[in-house]
Structure formats: structure tokens, C-alpha cells
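Let me begin by presenting the structure, written as C-alpha cells, before commenting on it.
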Amino acid sequence: MPKQELGPFTFEPPTSWSRRAVLIFVGESNNAHPPPNIVVTRDVRGDEELPTHAWRKVFELGRSVPDFEMLGSRETRIDGQPAFKVVVRWRSERGTVTQAMAWVDDRDGHALTITCSAIDKPEAFSEFEHVLETLTFGGARDSMVVPTGRASSPSQPPPENPEMYASVPMPGARPVRR
């Protein structure tokens, strides 16, 4: 793999490794809890259907964290592309984490994954929805380019709670606790 650049730095990664990009946006913190964040990745999906890929990821998360709760899910479209959205909650040593996740099909065997995680910061989920509303497809497929400067504020108020998605029954799932 050729030399890679990150800001003013360059380095040579292991030649047999593949390049994957992760974008992380971090919100403001009140110091009582970690700041909310939005993480964007592009993962290989292969021949796996998008909902199957998303459910597999949700099940993996559910097996790895304590007190996992499924709050809602639905199939949707984002910029005309098939997408799948999920909201879950689980317990960490720092508090109850709520996560909203969206997987978007990019037509070439990959899924763009956008995840928002927050503890006691419901406004983070309106920011998550803003990212999804402004997501467009086009341009370079192999890069994640982020313009510099401050992002504009979303015009919608924060949701009352993360149960903003219509519930889709999950095969073999535990009943949802309320």
C-alpha cells in the first residue's frame, strides 16, 4: 500500500492491509458523561442483503453489551438508496447509552454505517437525523472527504425520545422493555 496522508502527517501502513476510513464527529460534553458522537464507516457487505447485514450487526452488539434493549427499527430510503435504521439502548459503566444506527446501501457490495451514541443527550439524535437528511451519493466512491468549517445546525427540534422509529418485529428477539 502506498504512503498515506493524514493532515500534515504521512506514513506507510503494512503492505498487506486494506484501507478503511472512519469519520468521528464529537459533540459537546457536560463533563458528567462522555460527549455524544457520530461515527461514519463504510463496510464490506458482499452479497448479504442490507437488512440482513444490519440485523447481524445489531445482534453482535446485543451479545456484547449489558442490558441491551431494542427500541425500534425500520427500513427506509436515504437519498434514494435502500437504508435500515435502528435505535437501541444498553448500559455502560458511565450510564445508559442510546444508539441510533443507519445502514445505507451503496450499490457496490458496501454499506455506509452512521451511528450516533449518547448518554443523556437527546439533542444528539436530531443531529444524527440532520446527517441522514443531508447525506447524498455521488463523487468519489473510495474516499470520505469532509469539508472544513463548522456544520450548520439542524432546523428540527430534538426528538422527545429515541423511539422515533416504527417497530419492526425481530425474529427471535426478546420482548422490548419499556
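In what follows, residues are counted from 1 in the order of the sequence shown.
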Single-linkage hydrophobic cluster, 4.5 Å side-chain cutoff, W103 and V44 together: no
Measure the shortest side-chain to side-chain distance between I114 and L135 over non-hydrogen atoms and say whether it is less than 4.5 angstrom. yes
Should F125 and T98 be marked as a side chain to side chain contact (heavy atoms under 4.5 Å, CB included) after you check the CA-CA gap, both sets of side-chain angles, and the distance that decides it? CA-CA 9 Å; F125 299 101; T98 303; 3.6 Å; yes
Test item: E75 and P51 side chains (from C-beta on) under 4.5 Å apart, heavy atoms: yes
Let's go through D108 and R42 carefully: what are the C-alpha distance in whole Å and the side-chain angles of both, what is the deciding distance for salt bridge (Lys or Arg N to Asp or Glu O under 4.0 Å) to 0.1 Å, and is it a yes or a no? CA-CA 11 Å; D108 69 355; R42 185 169 179 246; 2.9 Å; yes
If you compare all heavy atoms of D105 against all heavy atoms of L50, which two are closest, and at what distance to 0.1 Å? N-CD2, 3.7 Å
With distance as the sole test, does H33 use its side chain to make a donor-acceptor pair with the main-chain N or O of R94 at under 3.5 Å? yes
When you check the gap from the basic side-chain N to the acidic O, do R20 and D43 get nearer than 4.0 Å? yes
Using side-chain heavy atoms (C-beta onward) and a distance below 4.5 Å, is S73 in contact with W55? yes
Considering only heavy atoms from C-beta outward, does the side chain of S92 approach that of I119 to under 4.5 Å? yes
Hey, are the side chains of L23 and V39 touching, using non-hydrogen atoms and a 4.5 Å cut-off? no
Take V86 and M70 through the test side chain to side chain contact (heavy atoms under 4.5 Å, CB included) and record every step on the way to the result. CA-CA 8 Å; V86 172; M70 182 74 187; 3.4 Å; yes
Can you check side chain to side chain contact (heavy atoms under 4.5 Å, CB included) on D79 and F137, steps first, answer last? CA-CA 7 Å; D79 194 37; F137 285 86; 3.7 Å; yes
Should T113 and V104 count as side-chain neighbours, where that means a heavy-atom distance under 4.5 Å? no
Return yes if a side-chain donor-acceptor contact under 3.5 Å exists between R89 and Q99, otherwise no. no
Any link between L6 and I24 through a network of hydrophobic side chains (Ile, Leu, Val, Met, Phe, Trp, Tyr) touching at under 4.5 Å? no
Below 4.0 angstrom, N of the basic side chain to O of the carboxylate: do E127 and K121 qualify? no
Show your reasoning for whether side chain to side chain contact (heavy atoms under 4.5 Å, CB included) applies to K85 and M101. CA-CA 6 Å; K85 294 167 78 172; M101 297 172 274; over 6 Å; no
Qualifying residue for side chain to side chain donor-acceptor pair (under 3.5 Å) with H53, from E48, R45, H110: E48
